[in-house]
Amino acid sequence: MNMTGLPPALPAGGNDMCPPKLGDIAPDFTARTTQGSLTFSDLRGSWVLLFSHPADFTPVCTSEFIAFARHADAFAEIGCELVGLSIDSLPSHLAWLEAIRSCFGINIPFPVIEDPSMVIARAYGMLDENAESSATIRGVYVVDTDGVIRAINWYPASIGRSIEELLRVVKALQTVDRDGVMTPEGWQPGGDVVLTGPVTQDEVTSAGPAWFFQYKQAKKK
Ligand code: BEZ
């Protein structure tokens, strides 16, 4: 046990010299959050969007949290849990979420992890080496129902993320898994997908000259 009263974080799979990559199992941990203790591996069975932010009480992060809250139902509809994280303390997180509620009337419905010891940020390679303070970058890790990291996205502190785009990425991954296809540039849910490509000479011949680029109607859900 440590000062938080929780067991120390479980051994993690990555570190800041060698952050986890696509296809790796997401490093596990147990941490305090604004909604109680969370053991990350307990979320297996759901998709998870784990995202870090540089600091509480900052304008870009506040804009992102408001957008995440507004899209929370859309993430819930596709079985995707939202989990926030920064190196700020739990009291700081609680004060910031309460300020967002009282100033903007917006309740943040997902847990926000405190990581003052930076154990989790290190395990995911989220620490911004170039920042003046030990802030985390705007990291996003999309983790599938088996705990595998399926998408990673890193933005600098100065650029707010598009939450619509993150929702689109999770929907695209779910479509790829469900239908065995791929999604083209700018794909939107329900839009045409692309085939993975022929694997025999006969398939190439019957597909015609553009055999390497074939659209297909999306399956109806
Ligand atoms: C922001 O979210 O606005 C922010 C984060 C880190 C440094 C400066 C601004």
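Order of appearance sets the numbers: ligands from 1, and atoms from 1 within every ligand.
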For ligand 1, run through the N/O pairs with the protein that fall under 3.5 Å and put one pair on each line.
from, atom 1, to, atom 2, distance (Å)
ligand 1, 2 (O), Thr58, OG1, 2.9
ligand 1, 2 (O), Val60, N, 3.3
ligand 1, 2 (O), Cys61, N, 2.9
ligand 1, 2 (O), Arg138, NH2, 2.8
ligand 1, 3 (O), Pro59, N, 3.1
ligand 1, 3 (O), Val60, N, 2.7

Original post:
Counting N and O atoms only, with roles assigned by atom type, does the side chain of Arg101 sit under 3.5 Å from a partner on the main chain of Ile108, one being a donor and the other an acceptor?
Top reply: no
Subject >> Atom pair CG/CG of Leu49 and Leu167 - distance to nearest 0.5 Å >> reply: 9.0 Å
Original post:
Under the ring-ring contact (aromatic ring centres under 6.0 Å, His included) test, which residues partner Phe51, sequence neighbours left out?
Top reply: Phe65, Phe68, Phe110
Subject >> Electrostatic pair Lys216:Asp179 at N-O distance under 4.0 angstrom >> reply: no
Original post:
Got a sec: does the CD of Glu165 have more than 12 other heavy atoms crowding it under 6.0 Å?
Top reply: yes
Original post:
Can you tell me if Thr205 and Trp211 form a side-chain donor-acceptor pair at under 3.5 Å?
Top reply: no
